[in-house]
Amino acid sequence: MSQQQLFPTTTPTPPKVEQPRPGSRADRMRKPLAKDALKQLAEQHGVCVRPLALRRTDTTTGLTEVVEVPCGATLAAKCKPCAERSRRLRIQQIREGWHLTDEPTVRPDKPGEDVLALVRVRAHLEFEREAIQYQPMTPEERAAQVAEIDAAIAELDEALGETSLRGHLTPKDRDERPRRKRSTRRRQDTPDLPRLPVDPRTVGRAYSGRAGKTYRPSMLITLTLGSHGPVHSHLRRGAYVAPCECGQRHGPHDDVLSTPVDPTTYDYRRAALDSIHFARVLDRWWQNVRRAAGWNVQYAGAVELQRRLAPHAHFAIRGTLPRRLLKQIAAATYHQVWWPSFDELVYRVDKPPVWDVDRQAYVDPKTRQPLPTWGEALEALEEPDSRPAYVARLGRIDARGIEQGTRDAERSIRYVTKYVTKDLTDQARPRSDAQKAHFDRLHAELSVLPCSPTCANWLLYGVQPDGVKAGLTPGRCTGKVHQRSTLGFTGRRVLVSRQWSGKTLADHRADNRAWVRAILAGGMADTEEHDQAADEPDGSKRYRFELARPEDPDVPPLEHRLLRAISARIRWRADLDTARIRTATTAATTDPPAALAAVSLGGVTA
Ligand SMILES: [Zn+2]
Ligand SMILES: [Zn+2]
Ligand SMILES: [Zn+2]
């Protein structure tokens, strides 16, 4: 797909190049594919290329109709227009939340009497279930009674699900195993930082300047992992290029850039482990920030991969914090991994422990002695002198003050969201042999490290993984951590704190629709094809939706649906533009959600 973009389009066709004979196979193969033309056109007009067909049944009239919804993909590899649309929504979300002046907190409604009644019954059932354990009866009777109560509980939970209650009353699964007690010593120790009670305030301070002007500064920060060894770098000091650690001066496109100066001493193991646990380190960072700052600091940002293949994160922060404090917090932030030790490989990938059917355990291939189980290995960690298997730390923080509504603010927002439509490893894809070797070496390290308590790789370190079963192959764990597309980082790519804008992405999407409706009101009917079924605000009760199957007789082929959608989009955009001009002359107050304004001003600009 990007292949085409790589060819310069302005190059004149070189003369005297052998043209394939007209009508030959080679000539036919040169013609553009109809399929590609359709996709390209759809992308140009911002029409989803993989729309879902939904069957909508009007419960009052009984009529059914096939409607389409965009696939809503967030990765451009799946659907460019949808990914671009969600990126624009992210931009809008960050912009709206960054310099909020009022607290966005939404207080939930009190539960109604109907909900409380159901919860009351649920409480009685829970009591009954526990009481059965103490009544004299045979195990079979007991099991039967418990099953009966569980059925009643399931039914009741379903009823509760239909009320306005949010979230789950109880955890989804009843954990039969006793919970492992964690001694206080093993909790993540609190770092050596100022500790203030956290004020519920989420809005930054405002400062009044001259002439009654109010300033509401915010910050843009970048969190980076520490060094895993020196890498070749292009070091620019003004017009002068400074020598790299290796002694040479590298140009900005040098093949060795961002690869280790000495691959044999580069700490690949730590690089891999830092990637795996980076998401947890970020969690700890935000906890520490709030505690040390003493107010409920809000953030929105994204994780991306540096060229040296380490994840790092950019965040917009609402309000400002002293730079010295931020540095202090970064230095004190770490995440302890309390797993059995995996410092040394006990077994090789080609000679792993074997499964013993009789003992239902993995045993040493020579001695036939069973390896310690996961539970036993954790038990050993209770010893007073035990240490965490790994401690992941934050490396560096860079912070910059950003003033509301400036070009700098806008540029920063784009910077943060630049790569959110790409897979993490997409923008750091290796190009030269040296970069490929670096990528492969890191990936090799990731493929033998444990990704989770259930990872088959534990066998390599002489421990049976949690929930052990036959058929585990170390080095072949399918966990996301081990994949080339993640390079270890499997956390969320986009991180927006709960009270950033007080809105979810879906809310922002609805805002945009409401604005479009307001513009179009009067001018157009409300049932344009672009106005997707999911938009209907009051339609939630009246219509029932189910996925239509492509083989259903009333579902036209995808190509027809795409063509129609493109046509509808072109007409809709023209109508919208006319309506905007008309509205602009009558009332200049309509404030377009910026993301949408950017979209509607011209689909081809993206
Ligand atoms: Zn799509
Ligand atoms: Zn170098
Ligand atoms: Zn794994």
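Everything numeric here is computed off the predicted structure, so don't read it as measured data. Counting starts at 1 for both ligands and their atoms, in listed order. Residue numbers count from 1 along this sequence.
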query = Is any side-chain heavy atom of L460 closer than 4.5 Å to a side-chain heavy atom of V448?
reply =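 The answer is yes; the side chains approach within 4.5 Å.
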query = When the ring planes of H335 and H277 are compared, do they come out parallel, tilted or perpendicular, using 30° and 60° as the limits?
reply = tilted
ask   = Would you call D350-R348 a salt bridge at under 4.0 Å N-O?
value =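 Yes, this pair counts.
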D343/R269 salt bridge by N-O under 4.0 Å criterion =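 Here R269 pairs with D343 in a salt bridge, since their nearest N and O are under 4.0 Å apart.
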query = For H232, what is the atom name of its N, O or S atom nearest to the Zn ion (ligand 2)?
reply =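 Closest N, O or S atom of H232 to the Zn ion (ligand 2): ND1.
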inquiry  = Within rounding of 10°, what is the angle whose vertex is the Zn ion (ligand 3) and whose arms end at SG of C455 and SG of C451?
reply    = 110°
ask   = Quick one: angle H482 NE2 - the Zn ion (ligand 3) - C477 SG, to the nearest 10°?
value = 100°
ask   = To the nearest 10°, what's the angle at the Zn ion (ligand 1) between atoms SG (C48) and SG (C82)?
value =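 Taking the Zn ion (ligand 1) as the apex, I get 110° for this pair.
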